[in-house]
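These notes concern the structure reproduced below.
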Amino acid sequence: MTEAASDTTEAEGGRRIAVLGEMLELGDEAVEAHREMGRFAAERGVDLVIGVGGDLAKQLALTAGAAGVPDIALVGDNATAAAYLQSILRPGDVVLVKASRGGQLWQIAQALTGQPVTSL
C-alpha cells in the first residue's frame, strides 16, 4: 500500500478513500501489520477507510479511526463494499483498492466501473 498511496493524487474537492482488505499469510505478524496499515492511512490523510473482511480488517479499520481517519466502515465482503461505495461516492473522490490477491478486491473496482466481476 505504501507505494500505491504515494502515487495517489487527490482530485479537487474529493475525498481520499481507501478500501483495504486483509493481507493474508502474514502469520504471527498479521494483527500488528494490519494495525500499522490503519495508522499509515491516517498519516497519509485518508478521509475514509473501508475494511473488507473479518477480524484483521476490523483491526485495520479500528486502528485507522483511532489514529485520526475521520470515517471508517467495516464490511464482510466485496459485493457489500461495492454497494456501499456506489451509495456514497461523489465526483472528485479518489479510491484506492488494496489487499492480498486472495481477497479479490479487484471485484470492487470491476463493479464500480461496470465491468463483469471475475474471480480466481
Please determine whether residues V97 and V75 belong to a single hydrophobic cluster, defined as Ile, Leu, Val, Met, Phe, Trp and Tyr linked transitively by side-chain heavy-atom distances below 4.5 Å. yes
Heavy atoms, side chains only, cut-off 4.5 Å: are L96 and V19 in contact? no
Can you name the salt bridge (charged side-chain N to carboxylate O under 4.0 Å, His left out) partners of E43, sequence neighbours left out? none
Does a side-chain heavy-atom distance below 4.5 Å link K98 with M23? no
Carboxylate-amine/guanidinium contact D47 R16, below 4.0 Å: no
Transitive ILVMFWY side-chain link Y84 to L89, under 4.5 Å: yes
Taking all non-hydrogen atoms of both residues, which atom of A73 and which atom of A61 are closest, and how far apart? O-CB, 4.1 Å
Do N78 and V52 have side-chain heavy atoms sitting under 4.5 Å apart? yes
Contacts of V69 meeting side-chain contact (heavy atoms from CB on, under 4.5 Å) (sequence neighbours excluded), chain-then-number -> A41, A42, V49, A64, I72
Side-chain heavy atoms under 4.5 angstrom apart, residues restricted to Ile, Leu, Val, Met, Phe, Trp, Tyr: same cluster for L20 and L24? no
Heavy-atom pair of closest approach, residues W106 and T118: NE1-O, 3.1 Å
Say whether L74 and V46 are linked into one hydrophobic cluster, either directly or through other cluster members, by side-chain heavy-atom distances under 4.5 angstrom. no
Can you list the steps and then say if S119 with Q107 is a side-chain contact (heavy atoms from CB on, under 4.5 Å)? CA-CA 7 Å; S119 62; Q107 294 173 340; 3.6 Å; yes
Side-chain heavy atoms of V117 within contact of I108, under 4.5 Å: no
When rounded to the nearest 0.5 angstrom, what distance separates CD in E36 from CD in E29? 12.0 Å
Where do I88 and D93 come nearest, in terms of heavy atoms and distance? O-OD2, 4.2 Å
CD of Q104 to CD of Q110, rounded to nearest 0.5 Å, is 9.5 Å
With sequence neighbours left out, what residues match T80 under side chain to side chain donor-acceptor pair (under 3.5 Å)? D77
Taking every heavy atom of R39 against every heavy atom of A67, the minimum-distance pair comes out as CA-CB, 4.0 Å
Determine whether I17 and I50 satisfy the following criterion, side-chain contact (heavy atoms from CB on, under 4.5 Å), listing intermediate values before the conclusion. CA-CA 8 Å; I17 300 171; I50 303 171; 4.2 Å; yes
Should L112 and L48 be regarded as members of a common hydrophobic cluster, given that ILVMFWY residues are connected when their side-chain heavy atoms come within less than 4.5 Å of each other, either directly or indirectly? yes
What is the minimum heavy-atom distance between A57 and E22, and which atoms define it? N-OE2, 3.2 Å
Should H34 and L26 count as side-chain neighbours, where that means a heavy-atom distance under 4.5 Å? yes
